[in-house]
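In what follows, a structure is listed as structure tokens, so that the remarks can point back to it.
As the structure is a prediction and not an experimental result, all values here were calculated from the model. Scope of the values below: all heavy atoms of this structure, side chains included, with no hydrogens, waters or symmetry mates. Whatever order the structure lists ligands and atoms in, that order sets their numbers, starting from 1.
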Amino acid sequence: VVDFTSALYLGLTHASHSLRPWAQLTTGAPAALKPPPGSGQVASRLAALMGCESAVLAPSTLHLFWDLLGLWAAREPLAIYLDAGAYPMARWGVERAQALGARVHIFPHYDAGALKRLLARTGRAGRHPLIVADGACLDSGQPAPVPAFLHCLETSGGHLVLDDTQALGIFGERPETHGPYGAGGGGTLRWHGLKSPQIILITSLAKGFGVPMACLSGSRSVIGAFKAVSDTRVYCSPPSAAALEAARQALEVNREQGEARRRRLAHLVRHFRRRLLEMGLAAGGGLFPVQTLTADPRLDPVSLYARLRQQGISTVLRQGKIQQPPLLTFVLTARHRRADLDRAVAALARAAEASHNPNFGYGG
Ligand SMILES: Cc1ncc(COP(=O)(O)O)c(C=O)c1O
């Protein structure tokens, strides 16, 4: 089976024999009492990579969104501005904050103009504004318009909380010279060349870095305040020694081979898109490794998905927007070979022809 369902974009698998052994998988003590050995060092290296002063590790982004937004809402009145396209983890954290008294406003995905108008209409003294959005958009393959978001906060103050899960390991500095993803893999802030105490990042390492663990990064004062009062650092287990070793390894591989892996990935994505075009098909997602077949009334994604499976091609069938058909997505990683992509596109073209449609034609 050729698998297009894995988001391990850089091809990092962390087989057990590749990791340094650990004496104890978990300490049995909460992080607030006894941080797992090595966690501080991994957190500092992640903060440096992502362009932040400080960071702290957690088992998942769900822990962090739930904890950070809940704590904040319990301490001061918040006005949360939630991007309509934000990943569920962010929404779940916002829901907790709302239950604790935060006002929530939703603005159209990455539309800083609409956000600015919404802030002008609803921003009131006495409520601390928080903008919550994803660092990268899978549909467009673009990083969030962070400078424009910060500009929206210029008059009111406040913070921008970004979920940078998809960007870590892919986006990095100076894309204009190191294109198309930029260099270093440090994520959205690096892409924009930005540092700001108003920005807080919540990032899973489970995609580009292949480690099921998360990190909260930002200014020293925000991270310090979070560590001092965090509930999940008291009541939940910290990340395991296995995850910490894998994160250490991911940081090393990213430093030593990250550029080569990103270059290979970009070549593969370009090749895939070119092959699709040759077949009269197209995908959204730019050069981001998540490629979603462009909606076409002549193509039924559900039957394409099933036909591809029969031909040994495993893809992701995603829920479309409200009242829209599902979406068929190919997730590419640096482990794919060009031959895999050729096979997939040929199978897709056959499936499209068979799923039939009198008007469908490919290859001119
Ligand atoms: C933007 C974003 N945030 C958070 C997550 C969840 O991360 P994890 O799988 O580590 O729980 C995902 C997973 O796809 C994601 O895309």
Q: Indicate yes or no: does D139 engage R318 in a salt bridge with an N to O separation below 4.0 Å.
A: yes
Q.
Regarding R350 and E353, does a basic nitrogen lie under 4.0 Å from an acidic carboxylate oxygen?
A. no
Q) Any side-chain heavy-atom pair from W92 and W66 closer than 4.5 angstrom? A) no
Q: Please state whether the rings of F107 and F149 are parallel, tilted or perpendicular, taking 30° and 60° as the class boundaries.
A: perpendicular
Q. Parallel under 30°, tilted from 30 to 60°, perpendicular over 60°: which one fits the rings of F4 and H336?
A. parallel
**Q.** Presence of salt bridge, E252 and R248, under 4.0 angstrom
**A.** yes
Short N or O contacts of ligand 1 with protein, under 3.5 Å, listed by atom name?
unit_1	atom_1	unit_2	atom_2	d
ligand 1	3 (N)	D163	OD1	3.3
ligand 1	3 (N)	D163	OD2	2.6
ligand 1	3 (N)	T165	OG1	3.3
ligand 1	9 (O)	K207	NZ	3.3
ligand 1	10 (O)	S204	OG	2.6
ligand 1	14 (O)	Y87	OH	3.1
ligand 1	14 (O)	K207	NZ	2.9
ligand 1	16 (O)	Q166	NE2	2.8

